[in-house]
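Scroll down for the structure; my scribbles are underneath it.
Computed over heavy atoms, backbone and side chain alike; hydrogens, waters and symmetry mates excluded. Note on naming: letters A, B, ... go to the chains in the order of the sequence lines (proteins, then strands), and numbering restarts at 1 for each one. Computed from a predicted model, the values in this text were never measured in an experiment.
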Amino acid sequence: MAHRYWLMKSEPSAFSIQDLRKVRNQTTSWDGVRNFQARNFMRTMKKGDRVLFYHSNAEPPAVMGVAEVVTEAYPDDSAFNPKDIHYDPRSTPARSLWDMVDIKLVRIFPAPIPLDRLRQEPGLKRMELLRKGSRLSVQPVRPEEWKIVLKLAGS
DNA sequence: GCCAACGTTGGC
DNA sequence: GCCAACGTTGGC
């Protein structure tokens with residue numbers, strides 16, 4: 001089965017794509033997702049799936065580069081820690097409510113693709129990111145949308 | 001900082 | 001099961 005495509009949002013003030021470049025193995029666990037739809041998407045991710053890394057709440061908001069799924073969904077242990085900002089007592093190691101995946105940096109685009117640039121592309125009209133009021137932090141990307149975005153990135 | 005859009009919570 | 005109140009997201 002062919003790999004699937006996704007988009008994942010991060011606020012660069014919390015964790016940027018430059019941060020991802022610096023961490024060990026350029027790999028991080030995508031913890032802290034506390035939205036069921038986003039969690040469910042992560043649960044369907046397969047090793048090798050490709051991810052657009054998006055900076056939200058940024059100036060400008062933009063697609064920054066590409067990452068890949070290297071570990072499929074497993075319990076998000078940040079939910080178990082009362083001191084963690086994402087603590088959720090409903091989730092326990094025995095019965096994990098929240099999951100995460102590991103992603104690894106593939107590449108950072110030479111130039112970010114700003115949100116308003118994406119909006120100019122007729123082929124991206126249906127993209128989840130561009131839907132009015134869309135807030136999903138993990139979302140699927142159609143293959144044809146992926147192709148357009150990568151073309152905009154100059155690949 | 002504002003606020004529209006959305007998801008979640010909880011009283012009934 | 002409804003839905004008002006509330007909290008969050010995220011563009012602007």
Open item on the list: Need the bend value for the helix from B:dG1-C:dC12 to B:dC12-C:dG1: angle between end axes, 5 pairs each end, nearest 10°.
Closed with: 10°
- [ ] Verify, without hydrogens or angle tests, whether A:Asp49 (side chain) and A:Met45 (backbone) share a donor-acceptor contact under 3.5 angstrom.
- [x] no
Open item on the list: What I want to find out is whether A:Arg117 reaches A:Glu121 closely enough, with some N-O distance under 4.0 Å, to be called a salt bridge.
Closed with: yes
Task: Selection: residues 116-133 of chain A, any non-hydrogen atom under 4.0 Å of DNA chain B - done: A:Lys132, A:Gly133
Open item on the list: Salt bridge or not between A:Asp99 and A:Arg39? Use side-chain N to carboxylate O under 4.0 Å.
Closed with: no
- [ ] Please tell me which of A:Asn57 and A:Arg135 maps to the more 5' nucleotide of DNA chain B, matching each residue to the nucleotide holding its nearest heavy atom.
- [x] A:Asn57
Open item on the list: Rounded to the nearest 0.5 Å, what separates atom NZ in A:Lys104 from atom CG in A:Leu20?
Closed with: 9.0 Å
Open item on the list: Reading DNA chain B from 5' to 3', where do the contacts with chain A start and stop? Cut-off is 4.0 Å to heavy atoms.
Closed with: B:dA5 to B:dT9
Open item on the list: Could you check whether any side-chain N or O of A:Ser91 sits under 3.5 Å from a backbone N or O of A:Asp88, counting only pairs where one atom can act as donor and the other as acceptor?
Closed with: no
Task: Spacing of CD1 belonging to A:Ile113 relative to CE belonging to A:Met64, to within rounding of 0.5 Å - done: 10.0 Å
- [ ] Kindly say whether the aromatic ring centers of A:Trp98 and A:Tyr87 come within a distance under 6.0 Å.
- [x] no
TODO: Check the pair A:Glu11 / A:Ser56 against side chain to side chain donor-acceptor pair (under 3.5 Å), numbers first and verdict last.
DONE: CA-CA 5 Å; A:Glu11 300 199 13; A:Ser56 61; 4.7 Å; no
Open item on the list: Just by distance, no angles: are the side chains of A:Ser78 and A:Asp76 close enough, under 3.5 Å, to form a donor-acceptor pair?
Closed with: yes
Open item on the list: Over all strands shown, is A:Arg39 touching base, sugar-phosphate only, or nothing at heavy-atom distances under 4.0 angstrom?
Closed with: nothing
